[in-house]
Amino acid sequence: MTIRTLPLRSRTSGAVLAFFAPGERVESHALVSRLPAASRAVVRAALRARKFSGKAKEVRVIALPSATVPVVVLVGVGKRSELHRRRLDLCVRAGTMALKAERVRDAVLVLDDVVSGSARRDAVLERLAQQVVENVSLAKYAFRRYKSGSADRETPTLRSLTLLVEVKEVAAVKRGAQTGGIIADALTLCRDLANTPGREMTPKTLAAAAQQAGKSTGFRVSILGEAQMKRLGMGAILGVSSGSKEEAQFIIMEYAGGRKPVNAKAPLLFIGKGVTFDSGGINLKPSNGMAEMHLDMSGGAAVIAALSAIARLKLPVRVVGLVPAAENMPSGSSIRPGDILTTISGKTIEVENTDAEGRLLIADALGYAKRYKPSLVVDVATLTGGILHALGQWLAGVMGKQDDVVEKVRAAGVAAGDDLWTLPLWEEFEDQVQADFGDVDNSGKSRYGQPIVGAAFLAQFAGDLPWAHVDIASTMTPAEGQYLAKGATGTGVRMLVELARRAVPQKK
Ligand code: BES
Ligand code: MN
Ligand code: ZN
């Protein structure tokens, strides 16, 4: 999608996407008021026939007798004083869905519709442009690679978006739109990787995707195969992978931007769970919903995509991404319940449940992470079904032993569009993962509080690292009413990129 930023008075063509709060007059809208008389008459008649109230997410489509502006899409944003990030995300996506349904190719919007009168206008508009671009792209996305019908392939989609702003604001908005475009591309990459079925998206395919991303955006990638993992003592990853015909891969990505990255000696370190298919293993999952488990590498995809965006944004930071990738399958060579695995740190894991496999991969990744002496460690993982019960599908859970680290991750996620809620990782939960025969038990003694028990398990391997765990099983697929296509949502990408952006000291 081409994104343009132009001064308000420019001549443009394309569908108009216009945002309104209750009580605002559609007729006096900057673009609507400039329409030819015949079109304005149509808008007036349409509004007379049925009022447009302007409440949040209300959408009205008005077709016009004009070749240059074929349609006006009115989107309500509700009371402006109550317009928060999440609501605006949804309003932008609701409008985009209408454009999509109308098969609009080119759309134009006035950024001032969305924000008005504020101090630090430039900064606000820059961020707003980024948010609009990301959300248009999020709503526009659909995974169509395996659709063979030509009708489906040829369905026109939005190819250009023009943002109109005051002349003096063009530069700031251009910057925001460019950032948004880069992050939108990363979200698309993340969703494409995650949506690819398990038969194709094997650990090796994921590793190749990381290599490809590194080559095209500018970060280093090295891959460890099973022999190397064995030498390093990564018994937990190898254990998970042992039931599969696909070889496990440990993907290492390293990015260092600028001549002197601010944190050259202490990188940010992101870990993404890369289970390319989670059958549950010998503790086989029920059939219901198992097909979704090719999305169990969503955390890994988010880390690969975030590094791509960080590299393209040329942020002057050092970031390491680790993606332990394996397939969890039942077979004669699978790990059994009761097996005891030795991790890279020497700590042993008693496998009470082979379906609690994500934490096994991350345990070895946390052990490997220590050599980088990172200043921040965040793992992103579709770790537990329990997080869905706790939070629903609108947000993910964040946990950790160090409150300042958890808060930093939470705040970055919420600001960037990945909503997060903090769950308590009390020491009492750590008692639940003490094992009878090994050191740590992978599934805990209680069936309650599983997201926290998962975090308590990981805490045994994070040790003193400045670490936070983000359980994204809840946001892996969209909630009803999020205006997102079925399948992967791209959860985690915006949070990780925002963490890297926040690691850069701000001028002034
Ligand atoms: N990948 C699943 C978690 C999951 C469930 C992700 C639903 C997305 C949607 C994970 O590996 C798993 O199976 N977790 C178990 C843990 C249990 C055995 C302690 C779970 O949540 O049941
Ligand atoms: Mn599992
Ligand atoms: Zn899993």
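Atoms within each ligand, like the ligands themselves, are counted from 1 in listed order.
- Note: no N/O pair closer than 3.5 Å links G386 and ligand 1 by distance alone.
- Just one residue in the list D403, V406, I452 forms a side chain to side chain contact (heavy atoms under 4.5 Å, CB included) with L425, and that residue is I452.
- The pair K401-D464 fails the salt-bridge criterion, with no side-chain N (NZ, NE, NH1 or NH2) lying under 4.0 Å from an Asp/Glu carboxylate O.
- Those atoms of ligand 1 that come under 4.0 Å of a heavy atom in A473, given as number and element, are 6 (C), 8 (C).
- A salt bridge between E357 and K273 is present, with a side-chain N of the basic residue lying under 4.0 Å from a carboxylate O of the acidic one.
- Residue contact check for ligand 1: M293 places a non-hydrogen atom closer than 4.0 Å to it.
- Residue E357 has at least one heavy-atom neighbour below 4.0 Å for each of these atoms of ligand 1: 11 (O).
- Of all protein N, O or S atoms, those under 2.8 Å from the Zn ion (ligand 3) number 4.
- Remark: T382 OG1 to D296 CG distance equals 3.5 Å, nearest 0.5 Å.
- In terms of protein heavy-atom proximity, atom 18 (C) of ligand 1 is nearest to N353 ND2, 3.5 Å.
- Between K204 and E246 there is no salt bridge, since none of the side-chain N atoms of the basic residue sits less than 4.0 Å from a carboxylate O of the acidic one.
- A donor-acceptor contact shorter than 3.5 Å is absent between the side chain of D278 and the backbone of M293.
- Here the SG atom belonging to C190 is positioned 9.0 Å from the OH atom belonging to Y141, to the nearest 0.5 angstrom.
- Looking at heavy atoms from C-beta onward, L269 lies out of side-chain contact with L376 at the 4.5 angstrom threshold.
- For atom 22 (O) of ligand 1, the nearest protein heavy atom (residue, atom name, distance) is Q450 OE1, 3.9 Å.
- For the Mn ion (ligand 2), the neighbouring protein N/O/S atoms at less than 2.8 Å, given as residue and atom, are D278 OD2, D355 O, D355 OD1, E357 OE1.
- A cation-pi arrangement is present between R371 and Y368 under the rule of less than 6.0 angstrom and at most 45 degrees off the ring axis.
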Between Q482 and W394, is the side chain to side chain contact (heavy atoms under 4.5 Å, CB included) condition met? List the steps.
CA-CA 8 Å; Q482 279 184 327; W394 283 86; 3.3 Å; yes
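- Taking all heavy atoms of L360, L295, L383 into account, the minimum distance to atom 10 (C) of ligand 1 is reached by L383.
- Residues forming a side-chain contact (heavy atoms from CB on, under 4.5 Å) with A256 (at least two apart in sequence, or on another chain): P261, R318.
- Ionic pairing of D89 and R86 is not present here: no N-O contact between side-chain nitrogen and carboxylate oxygen is shorter than 4.0 angstrom.
- Of all atoms in ligand 1, numbered sequentially from 1 with element shown, those under 4.0 Å from a heavy atom of K285 are 2 (C), 12 (C), 13 (O).
- With ligand atoms numbered from 1 in the order given, ligand 1 contributes 10 (C), 11 (O), 12 (C), 13 (O), 14 (N) to contacts under 4.0 Å with heavy atoms of D355.
- D439 has no carboxylate O lying under 4.0 Å from a charged side-chain N of K347, or vice versa, which leaves the two without a salt bridge.
- Ligand 1 places these atoms under 4.0 Å from at least one heavy atom of K273: 1 (N), 10 (C), 11 (O).
- Remark: minimum distance from atom 2 (C) of ligand 1 to any protein heavy atom is reached at D278 OD2, 3.5 Å.
- Only the side chain of M476 comes within contact range of ligand 1, with a heavy atom under 4.0 Å; no backbone atom does.
- Every atom of ligand 1 is numbered from 1 in the order shown, and the set under 4.0 Å from a heavy atom of D296 is 1 (N).
- Remark: R145 engages E200 in a salt bridge, criterion side-chain N to carboxylate O under 4.0 Å.
- Of all protein heavy atoms, the one closest to atom 16 (C) of ligand 1 is R359 NH2, 3.8 Å.
- Ligand-side atoms of ligand 1 in range of T382: 1 (N), 2 (C), 3 (C), 6 (C), range being under 4.0 angstrom from any heavy atom.
- Remark: ligand 1 atoms within the under-4.0 Å shell around heavy atoms of T384 are 3 (C), 21 (O).
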Mind listing the side-chain donor-acceptor pairs of residues 225-232 below 3.5 Å, one per line with the distance, residues two or more places apart or on another chain?
residue : atom : partner : partner atom : Å
E226    : OE2  : S241    : OG           : 3.0
E226    : OE2  : A248    : N            : 2.8
Q228    : OE1  : G225    : N            : 3.1

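- Between E498 and R127 there is a salt bridge, with a side-chain nitrogen of the basic residue lying less than 4.0 Å from a carboxylate oxygen of the acidic one.
- Of all protein heavy atoms, the one closest to atom 21 (O) of ligand 1 is G385 N, 2.7 Å.
- Salt bridge K445/D431: absent, no basic N to carboxylate O contact under 4.0 Å.
- Between the side chain of E350 and the main chain of F437, a donor-acceptor pair closer than 3.5 Å is present.
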